[in-house]
Amino acid sequence: MPDPHDPLPRGFFDRPVLEVAPDLLGRLVVHRTADGDVTARLTEVEAYDGPNDPGSHAYRGRSKRNGTMFGPPGHVYVYFTYGMHHCMNLVCGPPGLPTGVLLRAAEITDGVHLARKRRLAAKSDRELARGPARLVEALAVSRGDDGADVCGDGPLTVHHGTPPPPGLICRGPRVGLRGAADFPWRFWIDGEPTVSVYRPHAPRRATG
DNA sequence: GGCACGATCGGCT
DNA sequence: GCCGATCGTGCCC
């Protein structure tokens, strides 16, 4: 039985994305920086199935932005969106198949004080990493981390943690995607206060 | 607690 | 040009 602090091996990510996504719940993402360490226990994730998935950045093929998704598993794809936010995916599957898991929410289990300094807008600890862009900010992950190996000796790693009992794993529609083509590829831990509320899609921009 | 809306810019058509 | 794998604020229960 693995120690919760053991890192996940690359083989963990070298599986079909719909297998990896629910298995990431309860795992620990650790980022070591000069300021200190922050640990996030994953409570909500979403699978993106590359070429078969209209919601995926990789659906229309490789581009300068999404190149990391086409690389080997166990690396992090970081992208910029809405003109001001970053989100992070963990790349899955064999190299060349651009699948990944978006990390949507987590509970900060270590380094809370540091996370609060990075997330001054958070009114409570549960808001520190509730939402994909908040999670990235709490961990101080940035565009410069795009492509980093999370299975090696680098500052960003994923550890075994404690997976929830299977009965607590829920599954439903993804968040923030426009259009009818959607799939129940969001996974979360039942009863977790850090799980973000479901929104059918981003609100339309107001006219005028 | 929920809901509506503006911010802000890179990537893609 | 258009729009996004979003967030924070303001307002109202």
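The structure displayed is predicted, hence computed values, not measured ones. Chain letters run A, B, ... following the sequence lines, proteins first and then strands; every chain starts at 1.
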Query raised in the report: How many Å lie between CG on A:Leu135 and P on C:dT6, as a whole number?
Result: 13 Å

Query raised in the report: How about A:Tyr79 and A:His57: are their ring centroids closer than 6.0 Å?
Result: yes

Requested in this report: Could you check A:Val101, A:Leu24, A:Asp23 and say which one makes a side-chain contact (heavy atoms from CB on, under 4.5 Å) with A:Phe13?
Outcome: A:Leu24

**Report entry** Side-chain donor-acceptor pair present, A:Thr43, A:Thr194, cut-off under 3.5 Å
**Finding:** yes

Got a list of protein N/O to nucleotides 11-13 of chain C N/O distances below 3.5 Å?
none

Query raised in the report: Side-chain donor or acceptor of A:Tyr79 under 3.5 Å from a matching atom on the base of C:dA5?
Result: yes

Requested in this report: Send over the distance from A:Met84 CE to C:dC3 C1', rounded to a whole Å.
Outcome: 13 Å

Query - Protein-nucleotide distance (A:His85, atom NE2; C:dG8, atom P), rounded to Å - result: 7 Å

Query raised in the report: Can you tell me how far C1' of C:dT6 sits from CZ of A:Arg119, to the nearest Å?
Result: 11 Å

Query raised in the report: Between A:Phe187 (CZ) and C:dA5 (P), how many Å, whole number?
Result: 19 Å

Query raised in the report: Looking only at side chains, do A:Asp49 and A:Thr99 share a donor and an acceptor under 3.5 Å apart?
Result: no

Query raised in the report: Among A:Arg126, A:Arg41, A:Arg104, which residue meets the salt bridge (charged side-chain N to carboxylate O under 4.0 Å, His left out) test with A:Glu192?
Result: A:Arg41

**Report entry** Below 4.0 Å: OP1/OP2 of C:dC7 and any side-chain N or O of A:Arg130
**Finding:** no

Short N/O separations, protein against nucleotides 10-13 of chain B, under 3.5 angstrom:
| residue | atom | partner | partner atom | Å |
| --- | --- | --- | --- | --- |
| B:dC12 | OP1 | A:Ser63 | OG | 2.4 |

Query raised in the report: A:His31 and A:Thr33: side-chain donor and acceptor closer than 3.5 Å?
Result: no

Query raised in the report: So which heavy atom on A:Pro94 is nearest to which on A:Asp14, and how close?
Result: N-OD1, 3.4 Å

Query raised in the report: Taking NZ, NE, NH1 and NH2 as the nitrogens, is one of them in A:Asp125 or A:Arg116 under 4.0 Å from a carboxylate oxygen of the other?
Result: yes

Report summary line: A:Trp188 CH2 to C:dA5 P, in whole Å, measures 20 Å

Query raised in the report: Taking the side chain of A:Tyr82 as heavy atoms from C-beta outward, which of C:dA5, C:dG4, C:dG8 is closest to it?
Result: C:dG4

Query - Rounded distance in Å - CG (A:Leu102) to C1' (C:dT6) - result: 11 Å

Report summary line: Symbol by symbol from the 5' end, with Watson-Crick or G-U pairs under 3.5 Å, [ ] crossing and | another strand, DNA chain C is ||||.|||||||.

Query raised in the report: Is it the case that one hydrophobic cluster holds both A:Phe183 and A:Val45, taking links as side-chain heavy atoms less than 4.5 Å apart, direct or via other members?
Result: yes

Requested in this report: Output yes if the stacking criterion (under 5.5 Å between centres, under 30° between planes) is met for A:Tyr48 over the base of C:dA5, else no.
Outcome: yes

Query raised in the report: Has A:Arg174 got its NZ or CZ under 6.0 Å from the middle of the six-membered ring of A:Tyr48, at an angle within 45 degrees of the ring axis?
Result: yes

Report task. Determine, step by step, whether A:Glu44 and A:Leu42 satisfy the side chain to side chain contact (heavy atoms under 4.5 Å, CB included) criterion, reporting the C-alpha distance in whole Å, the side-chain angles of both residues, the deciding distance to 0.1 Å, and the verdict. Result -> CA-CA 6 Å; A:Glu44 182 187 4; A:Leu42 297 175; over 6 Å; no

**Report entry** Geometric cation-pi criterion A:Arg15 and A:Phe12, 6.0 Å radius, 45° cone
**Finding:** yes

Report summary line: Rounded to whole Å, the CZ-P distance (A:Arg186 to C:dT6) equals 11 Å

